[in-house]
There are 2 protein chains.
Amino acid sequence: MRLNHAELLTRFRRHAVRLTRQRAAIYTALAETTSHPTADDLYQTVKRQHPMMSRNTVYYTLGVLQQAGLVQEVNVGHEVARFDGNVTVHHHLICLGCRQIVDVMDEGLNQLAVSNGQARGFRILGHRVEFHGYCAGCQRGKLDVP
Amino acid sequence: MRLNHAELLTRFRRHAVRLTRQRAAIYTALAETTSHPTADDLYQTVKRQHPMMSRNTVYYTLGVLQQAGLVQEVNVGHEVARFDGNVTVHHHLICLGCRQIVDVMDEGLNQLAVSNGQARGFRILGHRVEFHGYCAGCQRGKLDVP
DNA sequence: ATGCTATGTAGGAATCATTCCTAGGTAGGG
DNA sequence: CCCTACCTAGGAATGATTCCTACATAGCAT
Ligand SMILES: [Mn+2]
Ligand SMILES: [Mn+2]
Ligand SMILES: [Zn+2]
Ligand SMILES: [Zn+2]
């Protein structure tokens, strides 16, 4: 998805976030990929155009964008944090071999609920589904998938 | 759930794990609670009966038990690791206020699948569902749940 | 029972993603 | 165009987890 400066400005204004060169670069890099990169992946990408960029700015900016709802964090187990520029409701497929994360858009999964008997008085605001398995490429490598 | 020594020995033998005093203490503490404690919670609990217990032994043992399938790790976002002595298939309710984790046993949730169109060639081995919300206690504290 | 050896344990050091601190720098409302 | 609230860069600090290593022990074989 190509993001021009006008669209960028619109989104940042809508979420009341100040737009800077660094933020534009970080957000654009994230919004234009579906690979769920780590903070360091983004730092490496963005540094090519902005050699002075600090790793700290990447972390700080991701925090700001996340609180504003422009970005979300997608953590898999205890691995390093992964980020997602797609903030629509969706779920993920995780490859146990290469650790890639693939989006799953499925209206059925968005409708899950806990039966009242199990809800224990919780007020539920959302949910998250992760499917674990092996991608096509990783299945070829190892015939006996555990 | 009360766990006697004979039952403990049976479980460890079945999973081919050597039984020691430390492992018995750690596993018992975890299997007898439904609170999904952290490694440090377990260390603090077990240290009361075993003052010489090392924190490292707790981590190492949890790793061994996990690989053997006697224990599982339940991570919420990027918080410290939480452990679960319940290795049957089940899912979780997570309180955004007090961070407690509550078990959800629901046969319907165990049957989820990804439509072929979305599976992208993955061979899926399992899935995990997390519901996020506020527990009864945390709802009372703050009238405007976000 | 006793001894052997693979395996486990304790304690301390090391790791490393993330957060904290602080002294400049800059976006953008007025 | 000018303030100033907010941002950035760089370095230090943090803290859960892992690594290292010398000593201890469970469980098998004698
Ligand atoms: Mn995604
Ligand atoms: Mn559980
Ligand atoms: Zn893969
Ligand atoms: Zn709560």
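Chain letters run A, B, ... following the sequence lines, proteins first and then strands; every chain starts at 1.
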*asked:* Quick check: is M53(A) connected to L19(A) through a chain of hydrophobic side chains (ILVMFWY, heavy atoms under 4.5 Å apart)?
replied: yes
_Presence of Y59(B) side-chain N/O under 4.0 Å of dT18(D) phosphate oxygens OP1/OP2_ = no
_Tell me the bend of the helix from dA1(C)-dT30(D) to dG30(C)-dC1(D) as the angle between end helix axes, each from five pairs, rounded to the nearest 10 degrees._
40°
*Do E130(A) and H132(A) meet the criterion of a side-chain donor-acceptor pair at a distance under 3.5 Å?*
yes
*Answer with yes or no whether the side chains of D84(B) and H92(B) bring together a donor and an acceptor at under 3.5 Å.*
yes
*asked:* Please determine whether residues L112(A) and V104(A) belong to a single hydrophobic cluster, defined as Ile, Leu, Val, Met, Phe, Trp and Tyr linked transitively by side-chain heavy-atom distances below 4.5 Å.
replied: yes
*Position toward the 5' end of DNA chain D (nearest nucleotide), L19(B) or F83(B)*: F83(B)
*Verify whether one side chain among E73(A) and Q66(A) offers a donor that lies under 3.5 Å from an acceptor in the other.*
yes
*Within this structure, what is the NE2-to-P distance between H78(A) and dG15(D), rounded to whole angstrom?*
16 Å
*asked:* Would you call the rings of H90(A) and H36(A) parallel, tilted or perpendicular, taking 30° and 60° as the class edges?
replied: tilted
*Between R13(B) and R55(B), which has a closest nucleotide on DNA chain D that is more 5'?*
R55(B)
*Rounded to whole angstrom units, what separation is found between the CG atom of N56(B) and the P atom of dG12(C)?*
12 Å
*Ignoring hydrogens and angles, tell me if any N or O in the side chain of H15(A) forms a donor-acceptor pair with the backbone of Q67(A) under 3.5 Å.*
no
*Can you tell me how far C1' of dA24(D) sits from CE of M52(B), to the nearest Å?*
12 Å
*Just how far, in rounded Å, is P of dA26(D) from CG of L9(B)?*
13 Å
*Nearest-angstrom distance from the residue atom NZ of K47(B) to C1' of dG11(C)*: 13 Å
*Rounded to whole angstroms, how far apart are CD1 on I26(B) and C1' on dA10(C)?*
12 Å
_For atom CD of E73(B) and atom P of dT17(D), their distance in whole Å_ = 8 Å
*Rounded off to whole Å, could you give me the CD-to-P distance for the Q66(A) and dT18(C) pair?*
11 Å
_Minimum heavy-atom separation for T88(A) and M105(A), please, with both atom names._
OG1-CE, 4.4 Å
*F12(A)-Y27(A) aromatic ring centre distance below 6.0 Å*: yes
Could you run down the sub-3.5 Å N/O contacts of the protein with nucleotides 5-7 of chain D?
| residue | atom | partner | partner atom | Å |
| --- | --- | --- | --- | --- |
| dC7(D) | OP1 | R23(A) | NH1 | 3.0 |
| dC7(D) | OP1 | R23(A) | NH2 | 2.8 |
| dC7(D) | OP2 | Y60(A) | OH | 3.1 |
| dC7(D) | O5' | R23(A) | NH2 | 3.2 |

